[in-house]
Amino acid sequence: MKYSNLKFPTHFQDFGLLILRVAFGMSMFYGHGWGKIIRLLGPEEIKFADPFGLGPAASLAMAAFAEGICSILVVTGLYTRLATLPLIITMCTAFFVSHVNDPFGQQEKSILFGFTFLAIFFLGPGKYSLDAKIQKL
């Protein structure tokens, strides 16, 4: 029997999507989003990259929203496809603007996160998500 002929039950795919959402969503939240939220709410003057000319505070707020709030939405599977869009845009900005001249080791995180959230956008959240529960109602 060829490996390509093996069929896995559909719930394996849904479980795989759950693992992908939770692993990358929590990594984004704890590794990047939480710190940005704390910085945004903190008393210090905001110093942050301003790639779109909106000001450091607005740029930090958008990054904190994407990496903090949207990553938690991805983890829970709530408004999943919509929540991946700000994450994809933020990772494209990180790669093409903030880290464009950095070595590959610095660019790698934005590439991995960006393509993972792009895959989640196309695949959807799977049946182990709040989106699936809401859809059943």
task: Name all pairs fulfilling the side chain to side chain donor-acceptor pair (under 3.5 Å) condition that reach into residues 115-128, sequence neighbours left out, sorted by first residue then second.
output: none
- prompt: With sequence neighbours left out, what residues match F29 under ring-ring contact (aromatic ring centres under 6.0 Å, His included)?
  reply: W34
field: ILVMFWY cluster, V97 and V100 together (side-chain gap under 4.5 Å)
entry: no
For I19, side chain to side chain contact (heavy atoms under 4.5 Å, CB included) partners two or more places apart: F15
task: For V74 and R21, work out which heavy atoms get closest and say how close.
output: O-NE, 2.8 Å
statement: By side chain to side chain contact (heavy atoms under 4.5 Å, CB included), Y30 pairs with (sequence neighbours left out) M26
Partners passing ring-ring contact (aromatic ring centres under 6.0 Å, His included) against F24 (at least two apart in sequence or in another chain): F113
query: Between R39 and K47, is there a donor-acceptor pair closer than 3.5 Å when you use the side chain of the first and the backbone of the second?
result: yes
query: Does F96 share a hydrophobic cluster with F117, counting links as ILVMFWY side-chain heavy atoms below 4.5 Å and allowing steps through other members?
result: yes
- prompt: In chain order, what residues pass the ring-ring contact (aromatic ring centres under 6.0 Å, His included) check against F122, with sequence neighbours excluded?
  reply: none
task: Report whether I120 and L82 are members of the same hydrophobic cluster (ILVMFWY, side-chain heavy atoms less than 4.5 Å apart, transitive linking).
output: yes
query: Quick one: CD on E108 to CZ on F104, what's the gap to the nearest 0.5 Å?
result: 4.5 Å
message: Taking side chain to side chain contact (heavy atoms under 4.5 Å, CB included) as the definition, give me every residue that meets it alongside F121, ordered by chain and number, with sequence neighbours left out.
response: R81, T84, L85, I88
- request: Answer whether the closest heavy-atom distance between the side chains of M62 and L54 falls below 4.5 Å.
  value: yes
- request: Check side chain to side chain donor-acceptor pair (under 3.5 Å) between H32 and all other residues, then give those that pass, not counting sequence neighbours.
  value: none
Residues clustered with L17, ILVMFWY side-chain links under 4.5 angstrom: L123
- request: Write out all pairs satisfying side chain to side chain donor-acceptor pair (under 3.5 Å) with one or both partners inside residues 58-80, taking only residues at least two apart or from two chains.
  value: K36-E67, D50-S59, T80-D131
task: Give the cluster check for I72 versus I69: same hydrophobic cluster or not, with ILVMFWY residues linked at side-chain heavy-atom distances below 4.5 Å.
output: no
message: With clusters defined by side-chain heavy atoms of hydrophobic residues (ILVMFWY) lying less than 4.5 Å apart, directly or transitively, does F115 cluster with F95?
response: yes
task: Would you name the heavy atoms of A66 and P86 that are closest together and state the gap between them?
output: CB-O, 3.7 Å
message: Restricting to side chain to side chain contact (heavy atoms under 4.5 Å, CB included), what partner residues turn up for I46, sequence neighbours left out?
response: L40, F48, P56, A57, L60
field: salt bridge (Lys or Arg N to Asp or Glu O under 4.0 Å) against K109, all qualifying residues, sequence neighbours excluded
entry: none
task: Taking all heavy atoms of D14 and all of G126, pick out the closest pair and write down the distance.
output: OD1-CA, 3.4 Å
